[in-house]
Amino acid sequence: MGNMSPNMSFSYTEFLLLGFPEIYEFRHLLVIPFLLIYIVTLLGNSLVSYAIWVDKTLHSPMYVLISTLLVGNISYTTTVMPKFLLSIAFQLNQITLSGCLNQMFFIYAVGICESNILLLMALDRYVAICKPLRYHNIVTNRLLVQLFIIGLFRSTFLGLLIVFFASTIEFCRSNIILNFSCENMSVLSLGCGDISKIQLVGLVVRIIIVFPDGSLVLVSYLSILYTLMKSNVGQSWGKAWKTCSTHLIVTMLTHSCGLVSSIIYRVNNSLSLNGQNLVSLVNFLIPATMDPVIYGFRMTEIKRSLTERVQKMHLCRTERQ
């Protein structure tokens, strides 16, 4: 296996994932730092999500959506990190075409699903602040479930669309994917013939997600800000805006990391392969790592619940001793 001249009658069905190829001999040094980040990501998201689910006072739509987002973070990072860590630690670089396409599907489907959740969070806060008297009539559990299912169908359809177009390619240039994951552009670069139209599919999907969702989120928070400034009710104003700004920080972090990662792969001449890999890892790890930290420190009720959980654990250990 390896490189060979393009031949439309041949297509690889097994590949090698080589993340950070320019430092291949030293990749094992990356195991500990990235393993630690992955563990922190799992623990942080799990702890905050658990604190929300066991605290009945946090079972309102806003906190349920936050918990769902954190579970999505775990799913998103787990799509790529175990395979990446095994690759750099034990040289387990092999992946089949079907395995690669499955990973590609989950990368996009889970990512789009997280965008759906961020949009629902913005709409929830819009109704809560701009239409407070109608909030409980509008934002019901039934409505949230329906919107979540619609979002799930959208993310599944768009994920399958990307995988379908990728599966039509003849992979005859090489079987070496110079990335730690089966990211769409990295896989398509191995294809033969004219694949320029297929390469646009991932970008179009990104635009379909980021701009409509981003626009609705922006309009929602601008409307919230206008309503709060108009009411200007002292402490209530500050508390409401702190909650909304927390959601906005998380949303901007998620979308900006995803958009930068997508753009970098389309102007790859300006950045080394290691640089591209690092930017892609930032997209997978930074939002997922920072989200529980942001919510844990900025949202009073979550901080209270976490503090109570820690105190109970400490009390139980003390009693056992």
Side-chain angles (χ1 to χ4, degrees), residues 45 65-66 68-80 101-126 143-167 179 181-188 196-223 244 247-267 276 279-288 290-291 294:
N45 285 277
L65 288 171
I66 291 173
T68 307
L69 177 67
L70 299 181
V71 172
N73 285 343
I74 294 173
S75 302
Y76 194 52
T77 54
T78 302
T79 300
V80 298
L101 293 176
N102 281 332
Q103 188 186 67
M104 185 187 298
F105 168 75
F106 282 106
I107 287 173
Y108 282 91
V110 177
I112 295 169
C113 194
E114 286 196 334
S115 180
N116 298 335
I117 296 169
L118 292 170
L119 176 57
L120 289 178
M121 290 164 67
L123 296 177
D124 171 74
R125 289 301 86 198
Y126 168 78
L143 176 65
L144 285 179
V145 170
Q146 289 174 341
L147 291 176
F148 181 79
I149 291 174
I150 291 172
L152 202 58
F153 274 114
R154 182 179 75 153
S155 57
T156 301
F157 172 75
L158 293 175
L160 287 174
L161 187 67
I162 291 173
V163 170
F164 169 75
F165 280 104
S167 67
N179 200 334
S181 70
C182 292
E183 199 276 340
N184 188 41
M185 290 296 292
S186 297
V187 175
L188 293 184
S196 56
K197 292 182 180 179
I198 296 178
Q199 285 178 324
L200 288 175
V201 173
L203 182 61
V204 170
V205 168
R206 180 77 69 179
I207 292 171
I208 289 174
I209 297 302
V210 172
F211 287 98
D213 288 16
S215 298
L216 286 172
V217 168
L218 183 61
V219 169
S220 296
Y221 286 119
L222 286 176
S223 300
C244 293
H247 292 320
L248 188 57
I249 291 170
V250 169
T251 302
M252 291 177 62
L253 183 64
T254 301
H255 283 310
S256 59
C257 286
L259 196 57
V260 168
S261 176
S262 182
I263 292 172
I264 286 296
Y265 274 100
R266 287 165 175 81
V267 290
Q276 293 175 37
V279 170
S280 187
L281 262 179
V282 165
N283 176 43
F284 282 103
L285 291 176
I286 295 302
M290 293 305 299
D291 285 357
I294 293 170

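All values derive from a computational prediction rather than experimental measurement. Sequence positions, counted from 1, serve as the residue numbers for this chain.
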For [X] and [Y], indicate whether the former's side chain and the latter's backbone hold a donor-acceptor pair under 3.5 Å.
X: T79; Y: S75; result: yes
X: S167; Y: F164; result: yes
X: S261; Y: C257; result: no
X: T156; Y: L152; result: yes

Could you check if a side-chain atom of [X] sits within less than 4.5 angstrom of a side-chain atom of [Y], using non-hydrogen atoms only?
X: E183; Y: Y108; answer: yes
X: V71; Y: N45; answer: no
X: V250; Y: L69; answer: yes
X: I162; Y: F105; answer: no
X: N116; Y: D213; answer: yes
X: I66; Y: L70; answer: yes
X: R154; Y: I112; answer: yes
X: Q103; Y: S181; answer: yes

Quick one: pull up [atom1] in [X] and [atom2] in [Y] and give me the separation to the nearest 0.5 Å.
X: T251; Y: I117; atom1: OG1; atom2: CD1; result: 11.0 Å
X: D291; Y: L253; atom1: CG; atom2: CG; result: 6.5 Å
X: I286; Y: S256; atom1: CD1; atom2: OG; result: 11.0 Å
X: L218; Y: L248; atom1: CG; atom2: CG; result: 8.0 Å
X: I294; Y: I249; atom1: CD1; atom2: CD1; result: 6.0 Å

If I compare all heavy atoms of [X] with all of [Y], which pair ends up nearest, and what's the gap?
X: N179; Y: S186; result: ND2-OG, 2.9 Å
X: S155; Y: A109; result: CB-O, 3.3 Å
X: E114; Y: Y76; result: OE2-CB, 4.2 Å
X: L101; Y: A166; result: CD2-CB, 4.1 Å
X: T77; Y: F284; result: CG2-O, 3.0 Å
X: S220; Y: L123; result: OG-CD2, 3.7 Å

When you look at L120 and D124, which way does the side chain to side chain contact (heavy atoms under 4.5 Å, CB included) test go after all the steps? CA-CA 6 Å; L120 289 178; D124 171 74; over 6 Å; no

Full working for side chain to side chain contact (heavy atoms under 4.5 Å, CB included) between Y221 and H247: CA-CA 9 Å; Y221 286 119; H247 292 320; 2.8 Å; yes

